[in-house]
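Have a look at the structure below before the remarks.
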There are 2 protein chains.
Amino acid sequence: MSKTYEYPRPALTVDIVVFALDEEDLQVMLIQRDLAPFEGRWALPGGFVRVDESLEEAGRRELEEETGLKDIYLEQLYTFGEVTRDPRERVVTVAYYALVNLAGHDIHASSDARNAAWFSLNDLPELAFDHDQILATAHTRLRGKVRYQPIGFELLPRKFTLRQLQHVYEIILGRPLDKRNFRKKVLSTGLIVPLEEIEQDVAHRAARLYQFDNRKYARLSKQGFHFEI
Amino acid sequence: MSKTYEYPRPALTVDIVVFALDEEDLQVMLIQRDLAPFEGRWALPGGFVRVDESLEEAGRRELEEETGLKDIYLEQLYTFGEVTRDPRERVVTVAYYALVNLAGHDIHASSDARNAAWFSLNDLPELAFDHDQILATAHTRLRGKVRYQPIGFELLPRKFTLRQLQHVYEIILGRPLDKRNFRKKVLSTGLIVPLEEIEQDVAHRAARLYQFDNRKYARLSKQGFHFEI
DNA sequence: CCACAATAGTGTCAGTGAAACACTAAGGGG
DNA sequence: CCCCTTAGTGTTTCACTGACACTATTGTGG
């Protein structure tokens, strides 16, 4: 299986920043390393790109192998290629970020028996390699992107209340939003459709459930529509 | 110099989309290939990443080797890694885009004796590999980015008239802008400072020259300032 | 069953920014 | 000196943003 090349090549990996949301704040999925270097440190899930799979395929495969997550929103973030970012040898990594809703997915211990866990962005352990930098880049991108692309929905279940949606935006943007203005703006896009359903098992007036209209968004996007919160 | 690895590795390259502007439209720098595959076809400048240089260093090195361009605005675009994008073997490429002003740089034939030339985006030859896709991605990014980051200046000489600046925006955005509104908006940022100088050798009333205040922009950026046209 | 607690849901007004719009000023060329 | 070309300048209208407070509904507990 070994292979010889005329010139030395950097190793190529993918790393994935998986974001989720709980009541309090943004969470990120980390894996505890069981090998040197950085043994015992927490790191982003990821691994080597095989020669017969695309970068995104590699990202999805590694994510499922290490955390059990699949069928999630995944987008390329940036490629990190500083010469010394890995102490062993030259490693270039293509970073992706992913958004999941905590309720919809089981996160299980990885197949490699490594430890996988969610961490609040406000309470992170020290990370291996340059993963703190990758994470910071992902966080910045998320904050920027959420304002002009409808990706907030990826962090929620398919049916959600406007309160939940506002909460998503408040946590990502890091500031409170006005309820009435938020509802006006969101509904005025026509992309959030009300359902004939209300939330269940709450100890107060139940809120109406809404759903994001993906097809309408796809149609509008092609016409140069510009979503904005 | 050859090297053996336990597992096969994709080759890693960088490709650069260099934009410039003439009176009419956006131009891109292409190189005519003198080797198979796609011999004789036009392609983006680029080449292999060495193990002892970062990705951006590789991009700048290749660009200077192949086109003579240096000290220009360069930013990472996207990493393309489809399995079959190169017919020879698995090649992953980190794409960058660059902005230059035509007047300020000499573009010379490459050291590899390959042919380098500017092409209008509206009149492109067929490109090698997936370079048409890379170019399209770069064009989209440029159009998006120009609206909320002051990169339009990179396409102009250091001293420019407001007419020239408006022209840059009109060509990138692909639509005419109102002269008075444009001037108001641009000047209201305080980042474009008037000089005690006017343009020379024009057959009509000469316009005042302006200059972008990089230091002020850097200062404002840190404070979360949001440039927008 | 009634009072309370908790969240859902709704409209207006003021201020700000965006877009539309046309004329006078300056300078070179013939 | 007339003409051509581009520079340079303000106002008004309209739409959108942000600030702001009360009533409605439902479950809980005494």
Side-chain angles (χ1 to χ4, degrees), chain A residues 22-24 146-148 150 152 156-157 159-211 220 224-229, chain B residues 22-24 146-148 150 152 156-157 159-211 220 224-229:
Chain A
D22 71 359
E23 295 306 307
E24 303 290 307
V146 81
R147 295 198 44 237
Y148 60 91
L156 291 175
K159 300 173 182 180
F160 50 84
T161 68
L162 291 184
R163 170 123 196 100
Q164 288 176 304
L165 185 60
Q166 184 178 340
H167 184 64
V168 169
Y169 279 89
E170 286 180 335
I171 285 183
I172 295 178
L173 297 176
R175 61 188 163 92
L177 301 173
D178 179 83
K179 183 161 71 158
R180 279 175 291 193
N181 293 337
F182 181 81
R183 286 167 176 250
K184 246 183 300 175
K185 200 137 106 184
V186 162
L187 293 177
S188 74
T189 65
L191 293 171
I192 315 289
V193 297
L195 302 172
E196 293 303 320
E197 241 176 298
I198 57 172
E199 57 179 342
Q200 301 297 322
D201 303 318
V202 288
H204 52 77
R205 176 172 175 186
R208 178 178 291 273
L209 292 172
Y210 289 79
Q211 194 175 324
L220 288 173
F225 168 78
H226 191 68
F227 179 93
E228 188 156 351
I229 290 292
Chain B
D22 72 359
E23 294 308 307
E24 302 291 305
V146 82
R147 294 197 45 238
Y148 60 90
L156 290 175
K159 301 172 181 181
F160 50 84
T161 68
L162 292 184
R163 169 125 196 98
Q164 287 175 303
L165 185 60
Q166 182 176 344
H167 183 65
V168 169
Y169 279 90
E170 287 179 335
I171 285 183
I172 295 179
L173 297 175
R175 62 189 162 89
L177 299 172
D178 179 82
K179 182 161 72 159
R180 278 175 291 192
N181 293 337
F182 181 81
R183 285 165 176 251
K184 245 182 301 175
K185 201 138 104 184
V186 162
L187 293 177
S188 73
T189 65
L191 293 171
I192 315 288
V193 297
L195 302 172
E196 295 302 321
E197 243 176 297
I198 57 171
E199 58 179 341
Q200 302 296 324
D201 302 319
V202 287
H204 51 79
R205 175 173 175 186
R208 177 178 292 272
L209 292 172
Y210 290 78
Q211 193 175 324
L220 288 173
F225 169 77
H226 191 68
F227 179 91
E228 187 157 352
I229 290 293

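What you are looking at is a predicted structure, and each value in this text was computed from that prediction instead of being measured. Proteins come first, then strands; the chains are lettered A, B, ... in the order of their sequence lines, and each starts at number 1.
A side-chain hydrogen bond (donor to acceptor under 3.5 Å, both in side chains) check over residues 167-180 of chain A, counting only residues at least two apart or in different chains, returns the pairs A/Gln166-A/Glu170, A/Asp178-A/Asn181. Within the structure, side-chain hydrogen bond (donor to acceptor under 3.5 Å, both in side chains) pairs that include any residue of residues 193-205 of chain A comprise A/Lys159-A/Glu197 (at least two apart or interchain).
Taking a heavy-atom distance under 4.0 Å as the criterion, the stretch of DNA chain C touched by chain B extends 5' to 3' from C/dA19 to C/dG28.
Contact check for A/Thr161 versus A/Leu209: side-chain heavy atoms found under the 4.5 Å cut-off. You'll find the side chain of A/Phe160 reaches within 4.5 Å of the side chain of A/Ile192, heavy atoms only.
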Under a 4.0 Å heavy-atom criterion, the protein footprint on nucleotides 3-13 of chain D, written with B, S and -, is --BBBBBBB--

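Here the closest non-hydrogen pair linking A/Leu173 and A/Val146 is CD2-CG1, 3.7 Å. Scanning both residues, A/Ala206 and A/Ile198, for their nearest heavy atoms gives CB-CD1, 3.7 Å. Of all heavy-atom pairs between A/Leu177 and A/Phe182, the closest is CD1-CD1, 3.9 Å. Nearest heavy-atom pair across B/Arg208 and B/Leu195 is NH1-O, 2.6 Å.
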Before you tell me yes or no, could you show the steps for B/Leu220 and B/Thr189 under side chain to side chain contact (heavy atoms under 4.5 Å, CB included), namely the whole-Å CA-CA distance, both residues' side-chain angles and the distance that decides it to 0.1 Å? CA-CA 10 Å; B/Leu220 288 173; B/Thr189 65; over 6 Å; no

Dot-bracket for DNA chain D, please, read 5' to 3', with Watson-Crick or G-U wobble pairs under 3.5 Å on both distances, ( ) within the strand, [ ] crossing, | other strand, . unpaired. ||||||||||||||||||||||||||||||

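Under the salt bridge (charged side-chain N to carboxylate O under 4.0 Å, His left out) criterion, B/Arg163 pairs with no residue, sequence neighbours left out.
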